[in-house]
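A quick write-up on the structure given underneath.
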Amino acid sequence: MTDKISTTAPARNAIARDALAARFLPISTDNPPVEWRVAEGLTDYEEALAFMEARVQAIREGTAGELVWLVEHPPLYTAGTSANSADLLSPDRFPVYNAGRGGEYTYHGPGQRVAYVMLDLKRRREDVRAFVAALEQWIIETLAEFNIKGERREDRVGVWVVRPEKPRLANGELCEDKIAAIGIRLRRWVSFHGIAINVEPDLSHFGGIVPCGISDYGVTSLVDLGLPVTIGDLDVALGKAFENVFGPRQS
């Protein structure tokens, strides 16, 4: 199994992610609940990388269980394995880290909930595209708790919100903004990295990069959409939706 996973557009004959099963439950009913951990304050990015590396190894060795770790980071940019250096527009604005995950450049900062997902796909399904589809489904069901319709797009990974109140794009299509990003990595079928949902980050900070290499669409957040949602509110919705998509969890 490759160590690095790209989250770019699928091959021409690939099954559409909308057609994949929305649930990614454990194969066995004896699988222990997934540990659910929430970090206080802002988490240093290098410390987060080191923690994930160690935890993934322990999961594969059978000395630790699956884990979802919810964090916020100080302002920073991360580069995935497909990042184009030309998409880093302001290299001196915030620290830049090579993340090792699939994907391109993204931003993390206060007001954005990052969920690092360390799951053993051997206990579920050895299917990368189905796993990405399940992560998208988790986000979509979480947003639905706030009456936000999140949507996936076959040619761009992540979750998107249509903005009919904004001017149409140059090609006549309705404006769409990205509200959540996905970037994963697998090592011997154990996942790490994960998802990032914008609750109330400083959206101007995304201006230092071309987010995920996509310049035709914008970025939004729950608060930008007019919802007075807190990180704590989102965490409750994330927990409920996680159990529906991935199975039981344990705080």
Side-chain angles (χ1 to χ4, degrees), residues 2-12 14 16-17 43 45-46 48-49 52-53 56 71-117 128-136 138-140 150-161 169 171 173 175-187 191-199 201-221 224:
T2 183
D3 183 57
K4 297 174 183 177
I5 300 298
S6 174
T7 48
T8 54
R12 182 180 298 275
R17 294 198 306 283
T43 300
Y45 191 73
E46 290 183 325
L49 289 178
M52 285 192 287
E53 291 275 354
V56 165
V71 307
E72 284 182 89
H73 288 301
L76 57 93
Y77 298 126
T78 70
T81 54
S82 302
N84 182 342
S85 59
D87 289 340
L88 181 59
L89 305 179
S90 302
D92 299 323
R93 187 171 185 180
F94 298 124
V96 181
Y97 297 94
N98 290 318
R101 55 163 173 75
E104 303 184 46
Y105 281 105
T106 194
Y107 165 77
H108 294 317
Q112 180 192 72
R113 175 53 89 202
V114 177
Y116 289 129
V117 183
V128 178
R129 295 195 70 246
F131 179 51
V132 172
L135 291 172
E136 290 172 333
W138 179 25
I139 296 166
I140 289 167
E151 301 179 9
R152 59 168 61 86
R153 295 289 180 262
E154 284 303 313
D155 59 339
R156 23 188 168 104
V157 170
V159 174
W160 302 79
V161 177
L169 302 177
N171 61 8
E173 294 180 356
C175 177
E176 296 181 354
D177 287 342
K178 191 171 192 176
I179 194 167
I182 296 174
I184 62 168
R185 182 172 178 176
L186 295 185
R187 178 169 297 154
S191 70
F192 54 130
H193 296 278
I195 68 172
I197 301 179
N198 298 328
V199 180
D202 186 335
L203 295 179
S204 71
H205 290 177
F206 286 90
I209 57 172
V210 178
C212 300
I214 300 171
S215 58
D216 294 336
Y217 302 92
V219 180
T220 190
S221 69
D224 181 54

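Small disclaimer: the values here were computed from a predicted structure and weren't measured. The figures here come from the full heavy-atom set of this structure, side chains too, leaving out hydrogens, waters and symmetry mates.
- Across Asp224 and Val219, no two heavy atoms sit closer than the pair OD2-O, 4.5 Å.
- For Tyr107 and Phe206, the gap between ring centers is short of 6.0 Å.
- For the pair Val159/Ile140, a side-chain contact is recorded, criterion being any heavy-atom separation below 4.5 Å from C-beta on.
- Atom CG in Leu203 sits 6.5 Å away from atom CG in Asn198 (nearest 0.5 Å).
- Two residues are said to be in side-chain contact when any heavy atoms from C-beta on lie closer than 4.5 Å; Glu176 and Leu169 fail this criterion.
- Evaluation of the side chain to side chain donor-acceptor pair (under 3.5 Å) rule for Glu72 yields no partner, not counting sequence neighbours.
- Nearest heavy atom pair, residue Val157 against residue Lys178, reads O-NZ, 3.3 Å.
- Atom-to-atom distance recorded for Gln112:CD and Ile195:CD1 is 10.0 Å, nearest 0.5 angstrom.
- The minimum heavy-atom distance between Trp160 and Gly218, with the atom names listed, is CZ3-O, 4.4 Å.
- Here Arg152 contributes atom CZ and Leu135 contributes atom CG; the two are 10.0 Å apart, rounded to the nearest 0.5 Å.
- Side-chain contact between Phe131 and Val117: present, with at least one pair of heavy atoms (C-beta onward) separated by less than 4.5 Å.
- Proximity of Ile184 to Ser191: side-chain heavy atoms (C-beta onward) are nowhere separated by under 4.5 Å.
- For the pair Ile209/Leu89, no side-chain contact is recorded, criterion being any heavy-atom separation below 4.5 Å from C-beta on.
- With a 4.5 Å cut-off on side-chain heavy atoms, Phe94 and His108 do not count as touching.
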Before you tell me yes or no, could you show the steps for Asn84 and Val210 under side chain to side chain contact (heavy atoms under 4.5 Å, CB included), namely the whole-Å CA-CA distance, both residues' side-chain angles and the distance that decides it to 0.1 Å?
CA-CA 9 Å; Asn84 182 342; Val210 178; over 6 Å; no
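- Between Gly194 and Tyr116, the closest heavy-atom pair is N-CD2, 4.4 Å.
- Salt bridge status for Arg129 with Glu154: present, with a side-chain N to carboxylate O gap under 4.0 Å.
- Of all heavy-atom pairs spanning Ala180 and Ile197, the tightest one is CB-CG1, 4.0 Å.
- In this structure His193 satisfies the ring-ring contact (aromatic ring centres under 6.0 Å, His included) test with no other residue, sequence neighbours excluded.
- Note: Tyr45 and His73 have perpendicular aromatic rings, judged against thresholds of 30 and 60 degrees for the angle between ring planes.
- Listed by chain and number, the residues in a side chain to side chain donor-acceptor pair (under 3.5 Å) with Thr78 are Arg101 (sequence neighbours excluded).
- Contact detail for Arg185 and Gly100: the closest heavy-atom pair is CD-O, 3.1 Å.
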